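Keep in mind it's a predicted model, so treat the numbers as computed, not measured.
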Amino acid sequence: MIRHCLFIWFFLLLNNNAIAQFINLQIRVEPELSATVEQNLSFGQLVINSGVSEVELGDLNMGIFNIRAYYTQNIYVSIEYPEFLTHENPAIEDNIPLTINASYNNSGNRNINNSTLLVGNSGYLPVSERATRALNNNQEFWEEIYLYIYGSINVGNINEGEYSGEILLLIEYD
């Protein structure tokens, strides 16, 4: 929640005396958009030389972003991720190749069956597939988009340890 304070001073001159009035006006402004990580993508514990391991759309270990925005907005989303997962010890130069896919659901619920592939992991999306709906007094102005992150890694002959990478969600809106 963002709060803005507006201070207005009125000066009145009466009989050569200055009289001041002070007004403290607070306005609540909700952000136009918010994004949160509901669940991190995790490939779990794997064995060295185990080959390709996948987390598919709908798996319990897939990543989930929740984007909340005004229902008539359109947003441009882009997913950036490293080519490789890297070892927690920077001195160890082993890498695990990483491929990421994303799907989105703007139907107003978190059901993966209503999701659509985000081709190229980027695209211009309407916040709500119901953006043309008429609002009545009981409906919200805010909608949610769920962005599902899944993919695969290829575990070869690497050192033991923890490997990780950071997925970055970029959102532009008007």
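- To the nearest 0.5 Å, the span separating CG on Asn74 from CD on Glu172 amounts to 13.0 Å.
- Considering only heavy atoms from C-beta on, Val77 stays 4.5 Å or farther from Ser122 through its side chain.
- At least one donor-acceptor pair closer than 3.5 Å links the side chain of Gln39 to the backbone N or O of Met62.
- Nearest heavy-atom pair, Leu33 versus Ala69, reported as atom, atom and distance to 0.1 Å: CD1-CB, 4.0 Å.
- Checked by atom type and distance alone, the side chain of Asp94 pairs as donor or acceptor with a backbone atom of Asn159 at under 3.5 Å.
- Of all the heavy atoms in Asn95 and Pro97, the pair that sits closest is O-CD, 3.9 Å.
- Looking only at distances, no side-chain donor or acceptor of His87 sits under 3.5 Å from a matching main-chain atom of Ile158.
- Under the 4.5 Å side-chain heavy-atom criterion for ILVMFWY residues, no single connected hydrophobic cluster contains both Phe84 and Leu41.
- No donor-acceptor pair closer than 3.5 Å links the side chain of Asn101 to the backbone N or O of Ile149.
- Between Tyr70 and Trp142, the distance separating the two ring centers is shorter than 6.0 angstrom.
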Q.
Checking Asn157 against Ile48 for the side-chain contact (heavy atoms from CB on, under 4.5 Å) test, could you report, in this order, the C-alpha distance in whole Å, the side-chain angles of both residues, the deciding distance, and whether it holds?
A. CA-CA 6 Å; Asn157 187 17; Ile48 295 171; 4.0 Å; yes
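- The residues Arg110 and Glu38 are annotated as salt-bridged, a charged nitrogen and a carboxylate oxygen being separated by less than 4.0 angstrom.
- Atom OH of Tyr148 sits about 10.5 Å away from atom OG1 of Thr116, to the nearest 0.5 Å.
- Follow the hydrophobic side-chain contacts under 4.5 Å out from Ile167 and you never reach Tyr76; the two are in separate clusters.
- No single ILVMFWY cluster, assembled from side-chain heavy atoms under 4.5 Å apart, contains both Ile100 and Leu60.
- No hydrogens or angles considered: a donor-acceptor pair under 3.5 Å links the side chains of Tyr150 and Ser103.
- Using a 4.5 Å heavy-atom cutoff, the side chains of Ile67 and Val127 are not in contact.
- Here Thr72 contributes atom OG1 and Phe141 contributes atom CZ; the two are 9.5 Å apart, rounded to the nearest 0.5 Å.
- Environment of CD in Glu88: crowded, with over 12 heavy atoms of neighbouring residues, nucleotides or ligands closer than 6.0 Å.
- Residues forming a side chain to side chain contact (heavy atoms under 4.5 Å, CB included) with Val47 (at least two apart in sequence, or on another chain): Ser50.
- Under a 3.5 Å cut-off, the side chain of Asn106 and the backbone N or O of Pro126 do form a donor-acceptor pair.
- For the residue pair Leu118 and Gly123, the shortest heavy atom distance occurs at CD1-N, 3.8 Å.
- With contacts defined as side-chain heavy-atom distances shorter than 4.5 Å, the pair Val37/Phe65 qualifies.
- Residue Leu168 places its CG atom among more than 12 non-hydrogen atoms of other residues, nucleotides or ligands, all under 6.0 Å distant.
- Here the CD1-OH distance, from Ile112 to Tyr104, works out to 15.5 Å after rounding to the nearest 0.5 Å.
- Considering all non-hydrogen atoms of both residues, Leu46 and Ser53 come closest at CD2-OG, 3.7 Å.
- If you take CD1 on Ile171 and CG on Leu147, they are separated by 8.0 Å, rounding to the nearest 0.5 Å.
- Atom CD of Glu56 is separated from atom CG of Asn61 by 12.0 Å, given to the nearest 0.5 angstrom.
- Using a 4.5 Å cut-off on side-chain heavy atoms (C-beta onward), Asn40 and Ile64 make no contact.
- Residue Leu117 is grouped with residue Leu57 when hydrophobic side chains (ILVMFWY) are merged at heavy-atom distances under 4.5 angstrom, including chains of intermediate members.
- Scanning both residues, Ala35 and Leu169, for their nearest heavy atoms gives CB-CD2, 4.4 Å.
- The cluster map of Ile, Leu, Val, Met, Phe, Trp and Tyr, joined by side-chain heavy atoms under 4.5 Å apart, puts Ile92 and Val155 in different clusters.
- The side-chain heavy atoms of Ile145 and Ile75, taken from C-beta on, include a pair separated by under 4.5 Å.
- For the residue pair Glu144/Tyr146, the side-chain donor-acceptor check at 3.5 Å is satisfied.
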Q | Test side-chain hydrogen bond (donor to acceptor under 3.5 Å, both in side chains) applied to Ser107 and Asn105, step by step | A | CA-CA 6 Å; Ser107 67; Asn105 178 350; 2.6 Å; yes
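- Residues Leu85 and Ser164 have side chains not in contact (no heavy-atom distance under 4.5 Å, counting atoms from C-beta outward).
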